[in-house]
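Comments concern the structure below.
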Amino acid sequence: MALPTPWQVRFRAGGNDGLADTLKEGVGGSTGMRPHELLEASLATCMTISARMALAEAGVAVADADVTVRVHLEREESTTRFRYELVLPSTLEAFRPAVVKRIECSPVRSTLSKPLTFEPA
């Protein structure tokens, strides 16, 4: 849903609301995430959840599963590249191979890895 501030929109997914906007040529704002940041956040959150699930399956208490995945989107002429970094505390480094395997097949990554088509509903 468009809002009165230029380029600002409110979105809803299930029972959750969010705010997105962008600043272009001095118009717009920065009170919400930019659309491409939403893509980065979607992949990062899914990979982080997948990593925590892998750690839980390995017997790590959820409260101790301190893991972060950072994602940066690079838009090139012919390729869109998602660069990601898995950050684990030294106490969990032994689990890195299992965690990496799990995040490599996380649901959002799997979705973004397939060919995309866009069509009106």
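Both Met1 and Leu19 are part of a single hydrophobic cluster, where members link through side-chain heavy atoms under 4.5 Å apart. One hydrophobic cluster, built from ILVMFWY side chains closer than 4.5 Å, cannot hold both Ile49 and Leu92; they sit in different ones. When hydrophobic clusters are built by joining Ile, Leu, Val, Met, Phe, Trp and Tyr residues whose side-chain heavy atoms come closer than 4.5 Å, directly or via intermediates, Val108 is grouped together with Val100. Under the 4.5 Å side-chain heavy-atom criterion for Ile, Leu, Val, Met, Phe, Trp and Tyr, Ile103 and Val60 are members of the same hydrophobic cluster.
Nearest heavy atom pair, residue Thr48 against residue Thr68, reads OG1-C, 4.2 Å. In plain terms, the two heavy atoms of Phe95 and Leu55 that are nearest each other are CB-CD2, 3.5 Å. Considering every non-hydrogen atom in both Ser106 and Met47, the closest pair reads OG-CG, 3.6 Å. Considering every non-hydrogen atom in both Ala54 and Ala98, the closest pair reads CB-O, 4.1 Å. The heavy-atom pair separating Ala94 from Pro97 by the smallest distance is O-CD, 3.7 Å. Across all non-hydrogen atoms, the minimal contact from Leu43 to Val71 is CD2-CG1, 3.9 Å.
For Arg75, the salt bridge (charged side-chain N to carboxylate O under 4.0 Å, His left out) criterion is met by no residue, not counting sequence neighbours. Listed by chain and number, the residues in a salt bridge (charged side-chain N to carboxylate O under 4.0 Å, His left out) with Glu93 are Arg96 (sequence neighbours excluded). The salt bridge (charged side-chain N to carboxylate O under 4.0 Å, His left out) test applied to Arg70 returns Glu85, not counting sequence neighbours.
Atom CD of Glu74 sits about 10.5 Å away from atom CZ of Phe82, to the nearest 0.5 Å. Thr22 contributes atom OG1, which lies 9.5 Å from atom NE2 of His36 (distance to the nearest 0.5 angstrom).
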Can you give the donor-acceptor pairs under 3.5 Å from side chains of residues 3-10 to other protein atoms, not counting sequence neighbours?
residue : atom : partner : partner atom : Å
Trp7    : NE1  : Val27   : O            : 3.3
Gln8    : NE2  : Asp21   : OD2          : 3.3
Gln8    : NE2  : Thr31   : OG1          : 2.8

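Counting only heavy atoms from C-beta outward, the side chains of Ser50 and Cys105 never approach each other to under 4.5 Å.
Listed by first and then second residue, the salt bridge (charged side-chain N to carboxylate O under 4.0 Å, His left out) pairs that reach into residues 104-121 come to none, sequence neighbours excluded. Under the salt bridge (charged side-chain N to carboxylate O under 4.0 Å, His left out) criterion, the residue pairs touching residues 36-54 are Arg34-Glu37, with sequence neighbours excluded.
Using a distance-only test at 3.5 Å, with no hydrogens or angles considered, a donor-acceptor pair links the side chain of Thr45 to the main chain of Ser42.
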Intermediate values then yes/no, side-chain contact (heavy atoms from CB on, under 4.5 Å), Val87 and Val67: CA-CA 6 Å; Val87 181; Val67 59; over 6 Å; no
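Atom CE of Met33 has more than 12 neighbouring heavy atoms from other residues, nucleotides or ligands inside a 6.0 Å radius.
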